[in-house]
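Here the structure comes first, spelled out in structure tokens, and everything after it is commentary.
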Amino acid sequence: MHTIATHCPYCALQCGMNLRPEADGRSVTVEERTGFPVNRGALCGKGRTAPAVLSSRVRLTGPLIRSHAGRLEPATWEEALDAVAEGLARTRREDGADAVGVFGGGGLTNEKAYSLGKFARVVLGTSQIDYNGRFCMSSAAAAHQRAFGLDRGLPFPLEDIPRTGCVILVGSNLAETMPPALRYLTELRENGGTLIVVDPRRTRTAEQADLHLAPRPGTDLALALGLLHLVVAEGRTDEEFIADRTTGWPEARAAAMAHWPELVERITGVPVPRLREAVEMFCAPESAMVLTARGPEQQSKGTDTVGAWINLCLATGRAGRPLSGYGCLTGQGNGQGGREHGQKADQLPGYRKLDDPAARAHVAGVWGVDPDTLPGPGRSAYELLDALGTDVRALLLMGSNPVVSAPRASHIEERIRSLDFLAVADVVLSETAALADVVLPVTQWAEETGTTTNLEGRVILRRRALTPPPGVRTDLEVMHALAARLGVEKGFPTDPEEVFDELRRASAGGPADYSGISYRRIADEDGVFWPCPEGGEGAPRLFLDRFATDDGRARFVPVAHRDAAEVPDEEYPVLLTTGRVVSQYQSGAQTRRVDELNAAAPAPFVELHPRLAARVGAVDGRSLAVVSRRGRAVAAARITDAIRADTVFMPFHWPGEGRANTLTNPALDPVSRMPEFKVCAVRLEPAEE
Ligand code: SF4
């Protein structure tokens, strides 16, 4: 049997793998794909075991409709699609187009994300569409746009990392979230470069570092400002770069000078000598990078926090030059592509803005509709979920599980339960699908073809390797059938390559220009970096000659430290931060169905320092309750000195009583509308076993 070259369905690294179809025609075996440059054959346990979900007994293989008795019962596809079309049409008729919401996901392929945005605006006529990627990297995207005029997670390929002089990795635990990527940091150090990790926990990634800075959660902004202050004080700015390639330095400089090192030590808990060490390590080599992930981004000041790290790069000339720059390590499988082609509340395909008349005219031309019929920008993800059951009365949801993954999850679960109508397309009966009126079972990664865009901006092709089970359909087939039932017969093809060709035309001339990318070319070139105009080359490295702003200069933005939306007080004296573990992925909808992964990571836990454990009477392995202003979660205590004594950590992959997002704070960043997943105030209480 031949093998099929494709990619992992999970995180933004989009590791290459080969799939060998088995003789039974129902399963595949994963084999190494050493030629794909991003992971060179390496996979983490999630990627290796991904086929288990394809043949899992719990995957959905037929539509379900909620009966009068309140149970989800098997139904035919015709019945299910009719019910969804009627549910959405009824709400639109009775309450208006904006009473119908659409919620997508950062795991959807580019073709699906594009079609979903078009479906919302052309078929439903609603402005109320957003997606869970808003919870992932929107602060970095906003900061990128503000400083560089363009948002691509990494403006350079991963292969540049081992050749730079120093990397500051902020709020990323690559060893657990993207293990094959850890090798880039190992090679960096083998080549004589240095690694600084900023994280309140001594993670497996931080253990690799030359210097580990462990700030109090929610204070990364002050930390970056303190480093910039020292850069200025020690005369380490790159004045030529600042003069030739940036604007706004005097204001940003003044803001940084208000954050003197001793003040920053008081705010962050990081001693001044460690700050000086970091500045020396970052400024001594010829080149250096800052990479951020969810730590600094998932805060109510995430955009400013990322902006502060960008300012540090610009002031030291570590941007727009070979082997230097700022980058964001996107999280979800298509976190990058998913934010470029129109499932975001304020966007049209090609990273165009929905409120830009020229962009509306271009995309409406491709879609064959009057630009004036396109709705304007809608609510951001949390605001959309918060409006369910009130302003938004019906919801179509694809590729997301907000009952587990949204902040203040009990409240969001209540909002979802209060909807007049909910339709969910998914591969398993996720916690959100279990609340639906209609559940549509859809194909999985190895059963369909489509493109994703990895964290480097490399557009890659996932190929179909298996015939799907008879009872499931692709998301594209679902949208095609629903559009037809809602009166739009044309414009929703089911062939992914046809959709991609339309996406190329819609993106042509936009910031994320895919018009020169084709399925054929992706296969020949191991992926193509956008922007890639028709007839042009892909662009692995951005900004080397000019930034994407009108004047070609990067923009410093003055930022100042401010507290998290919640700070500890007498009632809630401890900080909670949340994150991931290596054997589970996001809300766990897929990975919790894989025996090997469940055996490795079977349940949530509360990580806390021995001193804090002694203070609250926590015992290792015993249940501990964590209480915030939004609710209470219970999980086993895991006592370790690898975390600050004022902070507890919980992974967020599980539903039920250990659901970390029961506790998290939906305070939103004013620019990106990113909720503050990374920090809130809690208290700890002994719990019944
Ligand atoms: Fe899949 Fe990410 Fe693991 Fe690679 S690192 S195998 S893309 S989950």
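Side chains included, hydrogens not; waters and symmetry mates left out as well; all remaining heavy atoms used. Note that the structure is predicted; figures quoted are calculated from it, not measured. Every number for a ligand or one of its atoms is a count from 1 in the order of the listing.
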Which pairs would a plain distance check flag for residues 523-531, meaning a side-chain donor or acceptor within less than 3.5 Å of a matching protein atom at least two apart in sequence or in another chain?
from   : atom 1 : to     : atom 2 : distance (Å)
Glu525 : OE2    : Arg521 : NE     : 2.7
Trp530 : NE1    : Glu340 : OE2    : 2.7

Next item on the list: Would you check if the side chain of Asp130 reaches a backbone N or O of Ala381 as a donor-acceptor pair within less than 3.5 Å?
Entry: yes

Checklist line | Residue list, salt bridge (Lys or Arg N to Asp or Glu O under 4.0 Å) with Glu31, at least two apart or on another chain | finding: Arg20

Checklist line | Atom pair OG1 (Thr578) and CZ (Arg294), whose distance is rounded to the nearest 0.5 Å | finding: 11.5 Å

Check: List-wise, which protein N, O or S atoms are found short of 2.8 Å from atom 1 (Fe) of ligand 1?
Finding: Cys8 SG

Note to self: Does the plane of the ring in Tyr10 sit parallel, tilted or perpendicular to the ring in Tyr585? Use 30° and 60° as the thresholds.
What the structure shows: tilted

Check: Could you give all pairs that pass the ring pair (Phe, Tyr, Trp, His ring centres under 6.0 Å) test and reach residues 30-49, with sequence neighbours left out?
Finding: His7-Phe36

